[in-house]
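Reading through the structure tokens given below for one structure.
Keep in mind it's a predicted model, so treat the numbers as computed, not measured. Quick note: numbers below take in every heavy atom, side chains included, and nothing from hydrogens, waters or symmetry partners.
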Amino acid sequence: MLTPVPSKPHTSLGRVLEALGDVLLEPVAVGRDTRRHLGGVVIHDPHEDAEFPAQAVVLGVGVREPGEIAQLLHTARAHGAAALVVRAPVASSAEVTRAAESSGVALLGLASGASWAQLAAMLRTLLAEGDVGDVSPQTLGGMPSGDLFALANAVAALLDAPVTIEDRNSRVLAFSGRQDEADASRAETILGRQVPERFTRELEKEGVFERLYRGNEPVYVYPDGYDEKISMARVAVAVRAGDEVLGSIWAAVDKDLSEERTTALVDASKIVALHMLRLRAGADVERRLRADLVSTALEGGSGAPEAIARLGLLGQPTIVLAMGLLEAPDDDLRLVAERQRVADALAMHLSAVQPRSAVALIGDVAYGIVPMPGSNGDCRERSVRVASTFLERTGRRVAAAIGIGPLAADGSGLRASRDGANRALRVLLTNGGSKRVITAEDAHIDALMLELADLSAARGDVATGPIARLLAYDTKHQSQLVHTLRCWLDSFGDIGAASAAAYVHPSTFRYRLRRLAEVGGIDLEDSGDRFAAMVQLHLLRGLDKPEEV
């Protein structure tokens, strides 16, 4: 029996404005009540009727005109949303003002130069609903456990300077307010949530990271000799847990810190380390809990209904996605890390396009349970689009393939959808990446052939008849008659295409074709002979030992 776990407190609109207001978000019409809780992030698509989580923040991508904004405010209210974000500057309009007041939905503007992807990622960091539970204590060092944004603001107050907290790869995990007091380089870093590569290269060349991670004292970087966008000095200190470097704290300063503030920065790094460790431990626990829930839901046993309910998917039509790596690192530790990384990326993508999706890495496959309201045909097209968009956006960084199961009308069909997704994924992985997304329906025949090959291999079957004779001849004479037959069948008897596939002249190919018919005793004009040969060639991986002839 699964035991209940306590839920995390929800983030308020005021908390989001406090953390992101200086850099990303501009309040347009928020009303007096900024204590309202926020429940998730949804991207508005005018062509799809997406499901909104309660008290959602709606990202109005591409919505510009006052009439469109007013209409979307009313739509957001009808779905129970709490806030709408559109691209700034927002045109002043009585229609928009009235719509914001009557709907009660807060209207915010996304700063110029910031991307919607950046905003979505930062909002999810803040909202972090944690619907599978919170195992962390409430505070560490007097600060809410794991709240790096609150911690960054506290450090900034101690140093009287805008601060960022970054990981080992110079990715921004959190930042304080007052970033407008820093220079253009800091603004670029915040908007991209990553220190630009040209700066990190310079820092590496100057040995800054080596000094930073080798010692315990703060390291200064002065603007002389760097990009013109850097007009303020930086002071940084490493964040450590024992011998492990977790990241660093960076402050933009106009002069060196006093002795008291230097001590405060070093002390703050120890508190930040505790929070970062807690976040990492909490993330690991949440992953395990979510993996248990997803696994239980997909198994379809007696515990499935409760797991489905805890995932927020009870009574909803869903589709299962199964994602595996096409290219895997040789090192086992790197392989595990890469699988988790792509699973996390898929989870973020699905939560943006379809709220309440549940993703977990189970074994070597990342499974996604995706709500799919609508007709079966429409769901199939949408699921292919969702999976394809993810792989297109990640590009070469994620060498993965995704199999898509059939629609499950309710929780009882999840196991069948998972099995279909597994079969489809196996087809993709076996084909070596010629395709990267396929549905169980489209992969049906290839999946059957793979299962038949498994059966043949388990029984110890060997090649028989014409294929056995051709294999034996090729082995004895170092010829390629089996390959010739495969090319001819794959090309539907087109000599030009088949000879090109075999890399020989058409005349040579015709000679080989006649020879294989003689050696194998196969009638290429007979549809039954052709079909038998095609089946055996598909199964040849398990039938590569001809019987005695």
Side-chain angles (χ1 to χ4, degrees), residues 19-20 23-24 115 117-126 128 136 140-141 143-156 162-176 179 182 185-204 208-216 218-219 221 234-252 265-266 268-287 333-334 336-345 347-348 394 397-398:
L20 306 182
V23 178
L24 290 181
S115 77
Q118 293 159 358
L119 175 62
M122 290 185 181
L123 283 172
R124 289 190 192 93
T125 299
L126 285 171
S136 61
L140 281 172
M143 302 300 298
S145 176
D147 190 343
L148 293 182
F149 281 90
L151 195 52
N153 277 316
V155 177
V163 161
T164 59
I165 299 174
E166 301 171 11
D167 68 8
R168 281 292 304 266
N169 296 314
S170 297
R171 288 190 293 259
V172 177
L173 302 175
F175 55 87
S176 71
Q179 298 294 334
S185 168
R186 172 58 66 81
E188 185 178 352
T189 295
I190 295 295
L191 291 175
R193 212 171 185 189
Q194 169 82 53
V195 178
E197 187 178 354
R198 64 184 187 278
F199 297 145
T200 57
R201 283 199 304 266
E202 287 296 318
L203 294 173
E204 287 174 353
V208 172
F209 289 124
E210 182 182 357
R211 298 198 308 274
L212 178 64
Y213 297 144
R214 186 180 59 214
N216 296 313
V219 171
V221 179
R234 301 289 195 273
V235 58
V237 67
V239 176
R240 281 188 174 80
D243 293 334
E244 181 184 2
V245 176
L246 304 176
S248 53
I249 305 171
W250 291 76
L265 177 58
V266 173
S269 71
K270 300 171 185 176
I271 302 297
V272 172
L274 291 176
H275 283 258
M276 291 178 73
L277 286 172
R278 176 61 62 183
L279 277 173
R280 186 166 69 181
D284 289 343
V285 170
E286 288 196 7
R287 283 195 186 108
L333 290 177
R334 288 180 55 213
V336 171
E338 180 67 4
R339 284 173 177 158
Q340 188 61 65
R341 185 182 72 84
V342 298
D344 290 343
M348 177 171 288
T394 54
R397 291 176 297 150
V398 177

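- With a 6.0 Å radius and a threshold of 12 heavy atoms from other residues, nucleotides or ligands, Glu244 has its CD atom above the threshold.
- When every heavy atom of Ser269 is checked against every heavy atom of Ile249, the shortest pair comes out as CA-CD1, 3.7 Å.
- Of all the heavy atoms in Ala268 and Val155, the pair that sits closest is CB-CG2, 3.8 Å.
- A pairwise comparison of heavy atoms in Val266 and Pro218 identifies CG2-CD, 3.8 Å as the closest pair.
- The two atoms that bring Ser176 and Ala152 nearest to each other are CB-O, 3.4 Å, heavy atoms only.
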Query - Stepwise side-chain contact (heavy atoms from CB on, under 4.5 Å) check, Val272 with His275 - result: CA-CA 5 Å; Val272 172; His275 283 258; 5.7 Å; no
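- Taking 4.5 Å as the limit, every side-chain heavy atom of Arg341 sits out of range of all side-chain heavy atoms of Asp344.
- Taking the side chain as every heavy atom from C-beta outward, Phe209 and Ser170 approach each other to under 4.5 Å.
- Remark: Arg201 does not engage Glu204 in a salt bridge, criterion side-chain N to carboxylate O under 4.0 Å.
- Residue Leu173 comes nearest to Leu148 through the heavy atom pair CB-CD1, 4.0 Å, listed as atom of the first residue, atom of the second, then distance.
- No donor-acceptor pair closer than 3.5 Å links the side chain of Asn169 to the backbone N or O of Arg171.
- At least one side-chain heavy atom of Trp250 sits under 4.5 Å from a side-chain heavy atom of Leu212.
- The side-chain tip of Arg186 does not point at the ring of Phe175 from less than 6.0 angstrom away and within 45° of straight on.
- For Met276 against Ile165, the heavy-atom pair with the smallest separation is SD-CG2, 4.5 Å.
- Listed for the Gln179 side chain is a donor-acceptor partner under 3.5 Å among the backbone atoms of Val163.
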